Amino acid sequence: MNILKLGSILALTLSTAAFADGDLSRLNVIEVPVELGSNDDGMFIDFSMTDFVTGQAYDLVITNTDEFKHEIALNEFAEVVFTRKIEISDADGNLVAEIKGMIREVEVGAGQTVHWFLVPIQTSEEPFEITCELPGHYESGMHTEITVH
């Protein structure tokens, strides 16, 4: 008898609940240019925006302006985002690869552009450090911080 009552309550709850239509990770995507490169002061990761909002979809457009490879590692930030996919393009803009799943870092070849589609799903009191973990790159300045509200 209790199982029947529980089933009825669950059915009533599900039939009256409001659910969002479609894939929210694809709606109102904000494009965030990110440049990986070097200059006279050393190497850098330059985010055009460093404050992110939970539930908002973003397309990190990561461009390597150097003639050698870099990588971008989200580190702990990867644990609080839903990555929808990563698209890797060559210097001419041709799609080379599409990757899905739990991703913490991606290598970006010379002149390549990577689109990292993600949605932050958890806030943090502390900023997240984004880095390049290739030997000597972090020490040359390839790290930055972002926040999630």
Side-chain angles (χ1 to χ4, degrees), residues 9-10 12-149:
I9 291 169
L10 183 58
L12 180 60
T13 302
L14 290 175
S15 66
T16 59
F19 292 98
D21 290 329
D23 182 351
L24 297 179
S25 69
R26 299 175 192 260
L27 298 178
N28 303 316
V29 178
I30 295 175
E31 189 174 284
V32 181
V34 179
E35 184 179 343
L36 309 178
S38 60
N39 56 29
D40 292 339
D41 296 325
M43 296 181 182
F44 60 85
I45 299 174
D46 184 19
F47 271 73
S48 63
M49 166 181 160
T50 57
D51 291 316
F52 293 81
V53 177
T54 57
Q56 173 62 57
Y58 297 95
D59 172 11
L60 304 183
V61 182
I62 307 161
T63 303
N64 180 354
T65 59
D66 276 331
E67 294 181 7
F68 49 90
K69 70 181 177 183
H70 290 296
E71 68 180 26
I72 186 163
L74 297 188
N75 304 311
E76 289 81 18
F77 182 54
E79 297 172 15
V80 300
V81 300
F82 162 69
T83 294
R84 186 166 64 84
K85 67 179 176 177
I86 290 180
E87 292 180 348
I88 301 171
S89 301
D90 63 16
D92 296 325
N94 300 311
L95 185 64
V96 174
E98 183 175 286
I99 305 164
K100 298 178 181 177
M102 177 61 176
I103 304 159
R104 296 184 64 80
E105 68 184 40
V106 65
E107 187 175 288
V108 186
Q112 285 188 319
T113 298
V114 171
H115 288 261
W116 195 325
F117 295 90
L118 56 81
V119 179
I121 56 173
Q122 183 179 338
T123 61
S124 174
E125 304 259 337
E126 300 295 321
F128 294 101
E129 186 175 47
I130 309 299
T131 62
C132 178
E133 297 295 322
L134 293 175
H137 289 216
Y138 182 92
E139 296 78 12
S140 294
M142 289 199 82
H143 51 91
T144 191
E145 291 185 342
I146 61 170
T147 58
V148 178
H149 304 283

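The analysis underlying the following values was restricted to heavy atoms, covering all of them including side chains, and did not include hydrogens, waters or symmetry mates. Owing to the predicted nature of the structure, the values given are computational and were not obtained by experimental measurement.
Interatomic distance, CG of Leu134 versus CE of Met142, reported as 8.0 Å (0.5 Å rounding). Taking NE2 of His137 as the start and CG of Leu36 as the end, the distance is 10.5 Å to the nearest 0.5 Å. How far NE2 of His143 is from CD1 of Ile45: 8.5 Å, rounded to the nearest 0.5 Å. A distance of 11.5 Å separates CD1 of Ile86 from NE2 of His115, quoted to the nearest 0.5 Å. Rounded to the nearest 0.5 Å, atoms CD (Glu129) and CG (Asn75) are 6.5 Å apart. How far CD of Glu125 is from OG1 of Thr147: 12.0 Å, rounded to the nearest 0.5 Å.
Nearest heavy atoms, Ala110 versus Glu67: CB-C, 3.4 Å. When all heavy atoms of Val81 and Pro120 are compared, the pair lying nearest together is CG1-CA, 3.8 Å. The two residues Asn28 and Gln56 make their nearest non-hydrogen contact at O-NE2, 2.6 Å. Nearest approach of Val29 to Tyr58, heavy atoms of both residues: CG1-C, 3.7 Å. In terms of heavy atoms, Ser48 sits closest to Val32 at OG-CG1, 3.7 Å. When all heavy atoms are compared, the tightest approach of Glu145 to Pro127 is OE1-CG, 3.6 Å.
Side-chain N or O atoms of Thr63 include none that pairs as donor or acceptor with a backbone N or O of Gln112 at under 3.5 Å. Formation of a donor-acceptor pair under 3.5 Å by the Glu35 side chain with backbone atoms of Phe44 is not found in this model. Arg84 places no side-chain N or O within 3.5 Å of a backbone atom of Leu118 that could act as its donor or acceptor partner. At distances below 3.5 Å, not a single donor-acceptor pair connects side-chain atoms of Asp51 with backbone N or O atoms of His149. When atom types are taken as modelled, the side chain of Ser140 and the backbone of Met43 share no donor-acceptor pair closer than 3.5 angstrom. Between the side chain of Asn39 and the backbone N or O of Asp41 there is at least one donor-acceptor pair closer than 3.5 Å.
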task: Apply side chain to side chain contact (heavy atoms under 4.5 Å, CB included) to Thr144 and Asp46, showing your working.
output: CA-CA 8 Å; Thr144 191; Asp46 184 19; over 6 Å; no
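Counting heavy atoms from C-beta outward, Ile103 and Trp116 have side chains that approach closer than 4.5 Å. Residues Arg104 and Leu74 form no side-chain contact, since every pair of their non-hydrogen atoms from C-beta on lies 4.5 Å or further apart.
Ion pair Glu71/Lys69 not flagged as a salt bridge, since none of the NZ, NE, NH1 or NH2 atoms sits closer than 4.0 Å to an Asp/Glu carboxylate oxygen.
Counting only N and O atoms by type, the side chains of Thr131 and Glu133 include a donor and acceptor under 3.5 Å apart.
In this structure, Glu126 places its CD atom where only 12 or fewer heavy-atom neighbours from other residues, nucleotides or ligands lie under 6.0 Å away.
Relative orientation of the Phe52 and Phe77 rings is tilted, given thresholds of 30° and 60° on the angle between their planes.
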